[in-house]
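Predicted model, so just to flag it, every value in this text is computed and none were measured.
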Amino acid sequence: MSDIKLVATDMDGTLLNSKHELNDSFLPVFRKLKEQGIIFVAASGRQYYNLLKTLDEVKDEVIFAAENGSYVVYQNEEIHVQDMDQQIVRDLIVKAREIGGTYAVICGKKRAYVESSEPEFLDHLKLYFERYEIVEDLLAVEDDQFLKFTLCDLAGSEANSYPHFKHLQETLQVKVSGPIWLDISHKQANKGKAMEVLQEKFGVTFEETMVFGDYFNDVEMLQKAYHSYAMANAHEDVKSVARFIAKSNDENGVVEILSTLVEQTITTND
């Protein structure tokens, strides 16, 4: 563990607790990671601008792999962008309109776009998207790069909406990213690809990488690190991909492992 050079963690269900809050113990541990020269990546399905707000105190020291890795940014510099063909997104919108209980979101680089102003939906949206616009017709949105298409499925994404899009997995990323979220993006847009880009950029190996995740959109990322941790609260299928298990997000499992990492790294360097 003392050889770790890069740490990447999912946010919701992983670093953040069930109230979507960051534990007060994170920042001191983060500072120690930086002192040891360890690169830190926030890899999330969240929007970039939302991640900036969530990690505001350290936003200039964190690499953000937003929108499930399709948009990687460090200190306002774009490291990697993997957008979708706009016509594909429009076809997805048409299909989504046939599924009850769902609300479509175009995740653009500038902002997110939605049609609905339903309060319950917007409450969920605001947790993950800082910049969004309510438009009359999603099919008319053009002036942006589309990073991801997302469905907020209040009936349950795994059982309700996923079956309608599962057949597209040969050509697109189709991921159940949470109990009420389904994410669809470019085939090469995932957290694992983002990790590959960063590992190459910073000269970091598989053995020198540590990652944390809890849901299906974390699987490719977990496969890019020897030190791969699924949370105790992770989906059972995701646990089978990871090499190790960390305590749950409500037990501050990520920070506990990072604290051990810091201690071992300091001891080794001394």
Side-chain angles (χ1 to χ4, degrees), residues 10 12-13 44-48 50 65-71 81-194 215-221 235 237-238:
D10 173 51
D12 297 280
S44 174
R46 287 182 178 232
Q47 183 187 56
Y48 169 62
N50 180 278
E67 306 285 12
N68 288 336
S70 62
Y71 191 47
V81 181
Q82 185 64 76
D83 59 342
M84 300 179 70
D85 181 278
Q86 291 195 358
Q87 186 54 52
I88 290 175
V89 174
R90 293 187 184 102
D91 291 343
L92 295 173
I93 292 166
V94 172
K95 181 65 177 176
R97 286 173 173 171
E98 302 172 2
I99 307 169
T102 65
Y103 300 88
V105 185
I106 297 176
C107 307
K109 196 166 83 169
K110 296 178 183 177
R111 61 184 59 83
Y113 305 89
V114 300
E115 289 176 333
S116 175
S117 57
E118 173 65 36
E120 184 180 7
F121 162 60
L122 292 182
D123 284 344
H124 289 292
L125 183 80
K126 290 173 184 177
L127 285 173
Y128 309 103
F129 296 91
E130 188 66 20
R131 298 184 184 180
Y132 69 90
E133 179 181 347
I134 301 173
V135 299
E136 187 172 330
D137 183 4
L138 285 178
L139 296 174
V141 177
E142 294 182 345
D143 187 26
D144 204 342
Q145 286 179 270
F146 297 171
L147 301 173
K148 189 178 68 177
F149 174 76
T150 291
L151 277 182
C152 178
D153 187 345
L154 299 183
S157 53
E158 192 167 358
N160 187 47
S161 51
Y162 175 62
H164 293 272
F165 297 97
K166 184 179 179 181
H167 67 284
L168 298 174
Q169 288 182 130
E170 291 299 315
T171 55
L172 296 169
Q173 288 286 341
V174 183
K175 296 287 185 180
V176 176
S177 59
I180 63 168
W181 295 100
L182 181 74
D183 294 338
I184 303 177
S185 52
H186 190 282
K187 186 64 176 176
Q188 295 300 314
N190 61 70
K191 296 181 185 183
K193 178 62 177 180
Y215 237 84
F216 294 109
N217 58 331
D218 299 315
V219 167
E220 289 88 353
M221 178 172 70
H235 193 289
D237 291 347
V238 176

Notebook entry, point to check: Within a strict 4.5 Å, meaning less than it, do heavy atoms of the Tyr128 and Ser44 side chains meet?
Noted result: no
Item checked: side chain to side chain contact (heavy atoms under 4.5 Å, CB included) evaluation trace for Leu154 with His124 -> CA-CA 10 Å; Leu154 299 183; His124 289 292; 3.7 Å; yes
Check: Side chains of Leu172 and Lys187: does their closest heavy-atom pair fall under 4.5 Å?
Finding: no
Next item on the list: Any chance you could measure Leu151, atom CG, to Ile93, atom CD1, to the nearest 0.5 Å?
Entry: 10.0 Å
Notebook entry, point to check: Minimum heavy-atom separation for Asp183 to Ser177, with atom names?
Noted result: OD2-OG, 2.9 Å
Notebook entry, point to check: Counting N and O atoms only, with roles assigned by atom type, does the side chain of Lys148 sit under 3.5 Å from a partner on the main chain of Gly45, one being a donor and the other an acceptor?
Noted result: yes
Margin query: For Tyr103 and Phe121, take the angle between the two ring planes, folded into 0 to 90°, and tell me which bin it lands in: parallel under 30, tilted 30 to 60, perpendicular over 60.
Written below: parallel
Notebook entry, point to check: Do Asp10 and Tyr215 come close enough that some side-chain heavy atom pair is under 4.5 Å?
Noted result: no
Item checked: Minimum-distance pair of heavy atoms, taken over all atoms of Arg90 and Leu139 -> NE-O, 3.2 Å
Item checked: Distance-minimising heavy-atom pair for Ala65 and Ala194 -> CB-CB, 4.2 Å
Next item on the list: Indicate yes or no: at least one non-hydrogen side-chain atom of Lys126 is less than 4.5 angstrom from one of Tyr132.
Entry: yes
Check: When the ring planes of Tyr113 and Phe146 are compared, do they come out parallel, tilted or perpendicular, using 30° and 60° as the limits?
Finding: tilted
Next item on the list: Report the C-alpha distance between Val89 and Val141 in whole Å, list the side-chain angles of each, state the deciding distance to 0.1 Å, and finish with yes or no for side chain to side chain contact (heavy atoms under 4.5 Å, CB included).
Entry: CA-CA 10 Å; Val89 174; Val141 177; over 6 Å; no
Note to self: Could you tell me if the side chain of Thr102 sits less than 4.5 Å from the side chain of His164, heavy atoms only?
What the structure shows: no
Item checked: Donor-acceptor pair, side chain of Asn50 and main chain of Leu127, under 3.5 angstrom -> yes
Check: CZ of Arg97 to CG of Leu138: how many Å apart, nearest 0.5 Å?
Finding: 6.5 Å
Margin query: Using 0.5 Å steps for rounding, measure from the CG atom of Asp237 to the CD atom of Glu158.
Written below: 7.5 Å
Next item on the list: State whether the number of non-hydrogen atoms from other residues, nucleotides or ligands found under 6.0 Å of Glu136 atom CD is greater than 12.
Entry: no
Notebook entry, point to check: Can a donor-acceptor pair be found between the side chains of Asn190 and Glu220 at a distance below 3.5 Å?
Noted result: no
Notebook entry, point to check: What are the two closest heavy atoms between Ile184 and Met84, and how far apart are they?
Noted result: O-SD, 3.5 Å
Notebook entry, point to check: Given His186, which of Lys193, Gln82, Gln173 fulfils the side-chain contact (heavy atoms from CB on, under 4.5 Å) condition?
Noted result: Gln82
Notebook entry, point to check: Is Asp12 salt-bridged to Arg46, cutoff N-O under 4.0 Å?
Noted result: yes
Check: Taking atom CG of Asp218 and atom NZ of Lys175, what is their separation to the nearest 0.5 Å?
Finding: 9.0 Å
Next item on the list: Side-chain contact test, heavy atoms from C-beta onward, threshold under 4.5 Å: evaluate it for Leu182 versus Asp153 and give yes or no.
Entry: no
Note to self: For Gln169, I'd like to know if atom CD has over 12 heavy atoms of other residues, nucleotides or ligands within 6.0 Å.
What the structure shows: yes
Notebook entry, point to check: Where does the angle between the aromatic ring planes of His235 and Phe216 fall among parallel (under 30°), tilted (30 to 60°) and perpendicular (over 60°)?
Noted result: tilted
Margin query: How close do Ala155 and Asn160 get, counting heavy atoms only, and between which atoms?
Written below: CB-ND2, 3.6 Å
Check: Can any side-chain N or O of Arg111 pair as donor or acceptor with the backbone N or O of Arg131 at less than 3.5 Å?
Finding: no
Margin query: Can you confirm whether Leu147 sits close enough to Val81 that some side-chain heavy atom of one is under 4.5 Å from a side-chain heavy atom of the other?
Written below: yes
Notebook entry, point to check: What distance separates Thr150 OG1 from Gln47 CD, expressed to the nearest 0.5 Å?
Noted result: 10.5 Å
Margin query: Regarding Asp144 and Lys110, does a basic nitrogen lie under 4.0 Å from an acidic carboxylate oxygen?
Written below: no
Note to self: Can you confirm whether Val174 sits close enough to Lys166 that some side-chain heavy atom of one is under 4.5 Å from a side-chain heavy atom of the other?
What the structure shows: no
Notebook entry, point to check: So, for Lys95 and Phe165, which heavy atoms are closest and what is the spacing to 0.1 Å?
Noted result: CG-CE2, 3.6 Å
Next item on the list: With rounding to the nearest 0.5 Å, note down the distance linking CD in Glu67 to SG in Cys107.
Entry: 4.5 Å
